[in-house]
Amino acid sequence: MNHLLLLLPLLIPLYGAILCLFFWRYVRVQQLIGILAQACMLIASFVLLLEVNNKGIMSTQMGSWPAPFGITIVADVFSSLMVITSSITGMAIYLYSIKGLDKARQTFGYYPVLLILQMGVSGACLTGDLFNLFVWFEVLLICCFVLIALGGTKPQLEGAIKYVTINFLASGFLLTGIGVVYGIMGSLNMAELAVLVRTPVSHPALISMAGMFFLIAFGIKSAIFPLFFWLPASYHTPPIAISAFIAGMLTKVGMYALIRLFTLIFVTDQDLTIPLLTVLAGFTMVIGVFGAASQNDFRKILSFHIVSQIGYMLMGLALFTPLAIAGSIYFIIHNILVKTNLFLISGVVAHRNGTFALKKLGGVYLQHPFLSLLFFISAFSLAGIPPFSGFWGKFMLAKAGFEIDSFVIVITSLAVSLITIFSMTKIWNEVFWKKKPESDPLLDVMADSEQQASRMMHVPIVFLVVFILFIGIYAEPVVSMAHLAAEQLLNSELYINAVLKR
Amino acid sequence: MFLAILAGFLFAFAAPLLYRWLGKWVYVPMALLPFSIFAYLLTLTPSVLGGDNLGEVQQWAPSLNINLHFYLDGLSLLFALLITGFGTLIMLYAGGYLKGHPLLGRFYLYLTLFMTAMLGLVLAGNIISLFVFWELTSISSYLLIGFGHDKESSRASALQALLVTGLGGLALMAGLILVGMAGDTYTLSELLERGDMVTNHALYLPALVLVLLGAFTKSAQFPFHFWLPNAMAAPTPVSAYLHSATMVKAGVYLLARLTPVMGGTDEWQYTLMIVGGITTVLGALLAVQHTDLKAILAYTTISALGLLVTMTGVGTAPALEAMVVFLLAHALYKGTFFLVAGNVDHATGTRDLTQLTGLSGSMRYTAIAALLAGMSMAGLLPFFGFIGKELVYEATLEESPFRWMLFAISFFSGMVFVAVAIALGFGLFWQRSAKPTPLLHPDKALLYLPPVILSITGLVFGLLPGFLVTPLLRRSAEAMLGVEQVFELALWHGFNLVLGLSLLTIALGYVVYRFSNRLQAYATRFNGLYRYGPANLYQLSLKGFLAGVTKITASIQNGYLRSYIAAIVLTHITLIMLSLWKDGPRLELANRLPELAQLRMYEVVLLLMIVPALIFLFKSRSRLTSIAIMGIIGYSIALFYILFGAPDVAATQLLIETLTVVIFVLILHKLPAFRYLSHASERYKYILLSLAFGAMMTYVILIVKQYPLDSELKAYYGENSYLLGQGRNIVNVILVDFRALDTLGEIVVLAVAAIGILAMLKLRMQKGEKP
Amino acid sequence: MELLLPFLIGILFSASLYLILHRHFFKLILGLILFGLATNLFLFVIGRLTRGGSAIISQSERVATEPFADPVPQALLLTAIVIGFGIQAFAIVLIKRVYQSFETTDLDDMSTTDQIEENH
Amino acid sequence: MKTVILATAIRILIPIFIIFSVYTLFRGHNHPGGGFIGGLIGAIAFVFHTMTHGPHQTVNTFLKINLYGYPRQPNQSRSLYLMRMMRVNVWRRRRLARHPQLKERMIRIEPIYIIATGLLLAATSGVAGLIAGQPFMHAFWADFYIPILGKPGTPILFDIGVYLLVIGVVLKITFVMSEE
């Protein structure tokens with residue numbers, strides 16, 4: 001059963017995508033396949049999470065080749081949490097896309113690409129092999145390229161060119177990094193590498209040098225300072241259904257890889273990495289939130305906030321205690337759900353008002369009280385107001401920081417969180433509370449049928465809010481799983497034994 | 001208790017629905033909720049007064065040691081009764097005040113949410129869950145202040161309140177975490193017994209600073225007092241409830257709650273006394289300056305809060321006793337006054353003191369309530385306010401180095417309170433006037449009943465102090481002191497110094513009232529000082545912050561791809577150098593120089609092909625030439641792969657190169673002629689950066705290759721690829737068997753690329769996208 | 001040990017980066033392709049080189065005999081080349097579309113999505 | 001580029017290319033070659049065809065199947081009818097096409113479908129292992145040789161999937177591009 005269970009998060013979207021390709025011309029059928037695949041994904045990932053949570057780390061060797069010679073697919077709690085979060089998000093995105101994305105885009109491969117994107121996420125989270133990780137990242141990358149450019153409007157193209165260039169470089173760095181690792185240690189299996197770095201080697205500095213390649217590569221992909229530039233340039237350009245998923249998921253997968261590698265492999269030179277990561281985390285938070293505070297566009301504010309929140313996750317890694325890493329993991333999950341949801345809400349608002357610019361928006365509070373409530377919950381979750389979900393992550397990180405006397409970074413993170421509150425209330429004030437300004441007649445045409453359609457668009461938002469509220473108000477299950485995940489990460493023996501079957 | 005909180009939240013979210021069903025009668029169920037909780041708490045009172053501290057635990061987040069502990073002792077009972085009792089009246093009052101408002105349902109939602117949060121705050125027995133409720137009060141207060149959301153000023157005030165209390169909230173969170181670390185528990189009942197452990201801990205000082213920051217922002221202490229008057233943008237029921245009786249007292253509650261844990265040290269005492277003292281005086285001063293009813297009330301509230309903080313800081317038994325009594329008295333009369341102000345505003349449409357006069361004729365019951373509250377506030381004899389003031393004076397006159405200072409502070413504020421009490425309780429209504437202010441509508445029962453009830457309560461408590469409130473207040477003071485303490489409240493203490501001072505206060509207060517016009521005129525001269533006040537500082541820093549971040553962001557996210565790439569590559573180089581800096585291996589190139597002698601022909605040839613090709617590439621301005629040169633470079637590299645035993649790679653490289661050239665030709669042949677766009681100023685910088693990057697990569701290869709590599713993979717594949725993998729071409733066996741998953745991923749990439757290219761060339765959105 | 005190859009790779013990296021840093025997007029795409037080539041070569045060289053013997057088990061043998069080239073970097077390289085091709089093809093088409101939409105070849109003209117809108 | 005000589009040359013060369021590409025595909029497991037290289041070789045043949053003749057011509061020549069059919073006579077046996085149909089479609093299509101009762105049906109092979117088939121083959125070759133309770137991509141080999149093609153097994157199926165996909169991808173890309 002293990003073999004199948006571990007592969008399902010890869011195979012379901014893959015077969016879904018293949019089916020979609022066969023029904024290339026029939027959008028309705030593709031929608032159906034998509035929903036079906038999403039439902040299966042949800043179930044499969046939930047079962048996987050339960051299994052891993054109960055039985056510990058599971059692994060399966062591709063092609064029956066013993067590790068480290070083949071490729072290992074391995075699931076610990078962290079990766080299962082990522083997979084289930086991605087399938088929750090994926091479900092929401094699908095529900096949204098049906099009404100929220102124009103038909104033209106849907107006909108040009110939107111569904112298969114989105115499914116493959118999910119496959120890439122699952123692959124990146126489940127693989128136990130460094131080069132395979134690279135491959136899955138390339139899958140993610142090409143899907144993002146395609147999705148960001150899908151439709152080819154001017155801003156999209158402009159965003160895409162920056163996105164493509166910088167991420168292509170990142171892939172290059174990643175590949176060179178893998179080359180360096182292979183050149184030093186002669187293996188690609190992550191568990192095997194973990195063993196090798198822990199045995200005395202003649203040249204430890206080389207390992208930390210290799211680590212730097214990965215830090216840069218995944219740093220670019222997860223948008224940490226000073227490597228994040230592509231994100232604010234591109235994430236807000238495609239239609240919301242696309243940016244919501246990319247914005248919610250992608251950077252966090254990069255963060256996943258960073259956490260995985262820097263707890264498993266690149267742990268030898270912590271005198272260097274920990275201060276370095278701390279500094280980067282601090283700057284990422286601050287610069288990201290500054291950017292968000294300066295923007296006046298719904299989506300751009302949200303995009304810059306991604307950067308800022310990546311800083312928090314990095315902070316957890318930099319503090320490097322079980323609690324801190326658990327905090328990071330919790331934060332990642334919270335952030336994926338909340339960020340996706342905020343993007344979706346911005347999409348619904350823009351769908352009704354025809355714009356994302358704060359100055360042209362207004363009056364949503366009176367027109368759509370229910371949507372306002374949904375936004376309020378999500379926004380204040382993001383801002384970390386208790387009892388919503390962001391609080392727990394913030395709390396765990398702050399506590400972990402205090403426990404090892406890292407006062408500066410904790411105070412920074414709290415200050416950043418205040419500015420986050422500021423920019424969320426900015427959206428709230430401008431979009432929801434403010435009276436709608438005298439609007440452009442061009443923007444304001446919406447037929448009744450479209451109003452109906454936009455009511456359908458609430459469904460995914462409610463779906464996500466349920467999860468957000470759940471992990472906020474009843475945080476215990478996720479928190480305890482995050483603790484377990486952190487324990488597994490820091491106790492790399494568990495991982496090594498599960499993969500190498502010792 | 002848990003059920004009470006839960007019911008609160010349920011009712012809160014049911015409020016909009018109830019409004020839809022019940023229309024204007026929605027206030028009935030909404031008032032019933034706090035009333036039943038009030039009644040429930042009353043049933044618990046005997047056991048609390050008997051000395052039991054009731055506790056209750058609900059599991060919440062046990063893996064973080066955060067549980068929903070509830071803890072009911074005298075102090076929390078006092079506050080809880082205040083919250084629910086006053087809450088009942090406010091719910092009724094709001095039903096009248098906002099009758100017909102389209103958003104009444106939402107208003108009740110926020111108000112009930114707030115009430116529940118506040119109740120949770122005072123009942124919490126775990127400091128983190130206390131914090132959770134604390135923040136909930138902040139956001140519900142935000143929503144209530146911004147209730148009139150059409151107005152820019154409302155929104156700005158709401159934001160201000162949220163930012164200031166949010167700042168405090170974050171500090172408080174940090175502080176409480178530190179307290180928890182110092183006391184090794186978050187559970188209140190345990191913490192209360194570990195006072196020494198906390199105060200002697202190394203983290204005590206930072207924890208203290210952070211906790212006080214939280215308490216001071218919430219309770220509008222100097223220099224964070226400025227948000228409170230602005231928060232009066234909220235509808236009056238909110239001002240009365242949140243910004244006078246309950247939420248602002250949350251800070252005071254926190255200080256009182258933590259007195260046994262963190263109190264008693266010099267730092268605690270001095271900070272509280274100094275900040276509280278400044279706030280008391282400042283609030284009183286500012287109150288005199290204003291003529292807006294709610295502003296006056298807000299500033300006197302600030303002053304009263306300052307006095308409460310000061311008393312908490314003094315920390316002696318009489319001081320704490322005075323504090324709880326004054327707190328209750330203040331809540332009663334100030335609440336009344338706010339409701340009265342709301343009535344006046346509602347009925348006349350104005351809140352300006354100078355325009356209002358002679359209302360007693362038309363608003364009789366409101367006038368009576370105001371009179372009673374005024375007498376209590378002024379500290380006249382049979383009222384509860386009198387007891388409060390007596391006790392405060394007594395406490396300040398205790399033997400201590402600061403006694404005169406403390407006395408002066410409380411005396412000054414008392415004087416202003418008297419003046420305000422006369423102005424509001426008497427002048428507004430009972431002063432004869434030739435032209436009473438006309439009313440828009442007659443006084444309504446729902447509007448005047450709550451203040452009347454409140455003010456009468458003040459009178460009853462004053463008349464029968466021993467009977468009704470003493471036990472409760474005693475238990476509260478004991479909760480702060482941590483020891484049993486017997487004290488009795490009495491209305492009449494006999495003729496003594498304190499009574500004399502009280503009389504003096506009243507006399508001087510009357511003088512202030514008489515000359516208030518002149519005082520105000522005089523005070524306006526100092527308006528220039530506002531420029532240096534914290535309110536203005538807030539505005540300036542907000543503006544400066546926005547300008548600053550815009551500038552920073554514009555310079556970092558400047559839109560130029562090349563500067564992004566330059567930054568990334570620079571970071572890359574820096575980090576690699578950083579990692580090799582310290583005890584990194586040194587490159588020993590010197591002893592490998594002889595290898596140069598074994599230079600192979602092909603290496604030289606390759607170099608001779610590629611380097612000139614690159615030079616041509618830079619020089620060339622024709623696209624086709626560039627493409628051809630790229631082809632040459634690609635083919636040379638393929639050649640090189642052949643030489644090193646990689647025929648598959650070479651073949652793939654060749655074919656791919658061909659395809660790339662084809663694609664280039666198909667796609668780019670219609671582009672315009674090459675113009676040489678360059679950036680002369682930056683060119684040298686970029687050349688330098690590129691060289692550094694190349695050098696780094698070279699260095700990395702050289703240094704990695706300095707060490708031998710024994711790859712067990714190579715050996716394993718060599719042995720097993722035929723025997724187990726059934727193939728002689730090891731590379732192919734790796735691709736389709738050993739590492740077939742890579743290949744699967746790779747073909748997926750290709751498929752997606754094809755879809756992408758198809759979509760990009762075929763799908764052109766004509767008009768702007770539909771989001 | 002091939003001493004010149006690392007330098008050649010360095011030169012390739014330098015050249016590609018310099019091209020990428022140009023304003024003209026045709027140069028950008030050339031730079032990207034060159035960067036891909038350099039990366040591939042880097043991967044190949046750093047996995048150690050074995051001259052001559054390719055990683056193919058001859059008909060007479062059942063296991064590979066030394067010296068044979070390390071097949072691992074080769075396999076990785078093959079995957080990387082193909083992936084790189086997919087991405088490059090996409091990038092080339094992207095450039096084409098960008099040109100059609102913007103009618104400029106200057107990357108500096110494409111900085112609108114990063115700009116901050118005024119709110120007043 | 002549309003010179004007659006080149007066009008003719010390419011038309012003649014294409015079958016050779018395709019046969020060679022299939023050969024490369026199958027020998028790849030033991031000699032240099034394999035799905036990728038084979039696929040690329042095959043695809044490049046089509047690419048040249050497209051460049052010289054245009055995408056429509058390529059589609060018409062290689063990716064279009066004309067099927068002919070006529071309704072079954074009531075007294076005709078099913079098997080006989082099927083035989084006839086096969087004969088019509090495979091051997092004598094030209095001549096029988098003039099038959100008045102015949103209906104012509106054109107099937108165009110979308111390259112997307114080739115891509116999908118390739119992916120399906122590659123993925124399913126791995127699923128075989130899962131069905132047998134083994135890990136994904138567990139290899140199953142037949143124990144006999146087929147001349148030229150070698151030993152059949154799931155990895156070979158995988159390689160065929162790769163081959164098809166590469167052809168599909170390159171075809172799709174070049175068609176779209178040359179229509180520009």
Side-chain angles (χ1 to χ4, degrees), chain A residues 1-26 29-30 33 44 58-67 69-75 107-109 111-113 115-116 119 122-123 126-129 132 135 139 142 146 152 499 501, chain D residues 29 34-36 59 63 106-141 151-173 175-177 179-180:
Chain A
M1 268 319 280
N2 271 6
H3 304 310
L4 181 63
L5 196 56
L6 281 167
L7 259 295
L8 277 182
L10 293 176
L11 290 180
I12 293 170
L14 178 61
Y15 274 93
I18 292 172
L19 273 179
C20 283
L21 286 183
F22 275 119
F23 291 99
W24 179 253
R25 291 182 196 288
Y26 310 95
V29 182
Q30 291 192 21
I33 296 169
M58 304 201 308
S59 69
T60 168
Q61 316 290 349
M62 294 297 88
S64 311
W65 299 108
F69 305 111
I71 291 174
T72 313
I73 293 287
V74 48
T107 41
F108 272 92
Y111 289 105
V113 174
L115 278 171
I116 289 177
M119 180 199 183
S122 307
L126 291 175
T127 187
D129 186 280
N132 201 235
V135 172
V139 171
I142 187 82
V146 172
V499 173
K501 303 269 185 227
Chain D
H29 212 52
F36 268 118
V59 172
L63 297 174
M106 193 177 72
I107 296 179
R108 271 185 62 177
I109 302 175
E110 239 314 291
I112 297 243
Y113 297 147
I114 306 181
I115 297 176
T117 316
L119 267 182
L120 189 66
L121 269 185
T124 312
S125 79
V127 173
L130 286 179
I131 292 168
Q134 295 289 328
F136 186 61
M137 287 181 163
H138 180 87
F140 294 102
W141 293 98
K151 208 172 185 182
T154 49
I156 302 293
L157 206 62
F158 184 87
D159 225 9
I160 297 172
V162 174
Y163 174 86
L164 283 178
L165 181 126
V166 171
I167 288 195
V169 166
V170 177
L171 276 182
K172 191 76 220 172
I173 293 178
F175 286 175
V176 178
M177 283 179 181
E179 275 168 22
E180 270 292 294

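In this text, all values refer to a predicted model and were calculated from it rather than measured experimentally. Atoms considered below: every heavy atom in the structure, side chains included; atoms not considered: hydrogens, waters and symmetry mates. The chains referred to below are lettered A, B, ... by the order of the sequence lines, with proteins before strands, and numbering in each begins at 1.
Your options are Thr117(D), Ile115(D), Ile131(D), and the one with the most heavy-atom pairs under 4.5 Å with chain A is Thr117(D). Taking chain A as the reference chain and counting heavy-atom pairs below 4.5 Å, the highest number among Gly133(D), Gly129(D), Ala123(D), Gly126(D) is found for Ala123(D). Ranked by heavy-atom pairs shorter than 4.5 Å toward chain D, the options Leu21(A), Ile71(A), Thr60(A) are led by Leu21(A). Among Glu110(D), His138(D), Gln134(D), Met137(D), the residue with the largest count of heavy-atom pairs under 4.5 Å with chain A is His138(D). Highest contact tally toward chain A, considering only Leu119(D), Val127(D), Ile112(D), is held by Ile112(D) [criterion: heavy-atom pairs under 4.5 Å].
Interface remark: Thr154(D) contributes no atoms to any contact with chain A (heavy atom separation under 4.5 Å). Of the two parts of Leu120(D), the backbone and the side chain both hold a non-hydrogen atom closer than 4.5 Å to a non-hydrogen atom of chain A. Both the backbone and the side chain of Ile18(A) come within contact range of chain D, with heavy atoms under 4.5 Å apart. Neither the backbone nor the side chain of Leu19(A) comes within contact range of chain D; no heavy atom of the residue lies under 4.5 Å from a heavy atom of that chain.
Atom CD1 of Ile73(A) and atom CG of Leu5(A) lie 12.5 Å apart (nearest 0.5 Å). With rounding to the nearest 0.5 angstrom, the CG atom of Leu10(A) is 12.0 Å from the CD1 atom of Ile116(A). A distance of 10.5 Å separates CZ in Phe136(D) from CG in Leu8(A), rounded to the nearest 0.5 Å. Taking CG of Leu7(A) as the start and OG of Ser122(A) as the end, the distance is 10.5 Å to the nearest 0.5 Å.
With hydrogens and angles ignored, the 3.5 Å screen pairs no side-chain donor or acceptor of Asp159(D) with any backbone N or O of Gly34(D). Side chain of Gln30(A) to main chain of Arg25(A): no donor-acceptor pair is present (N/O by atom type, distance under 3.5 Å, no hydrogens or angles).
Between Tyr113(D) and Phe22(A), the angle of the ring planes stays under 30°, which puts this pair in the parallel group of the 30/60° scheme.
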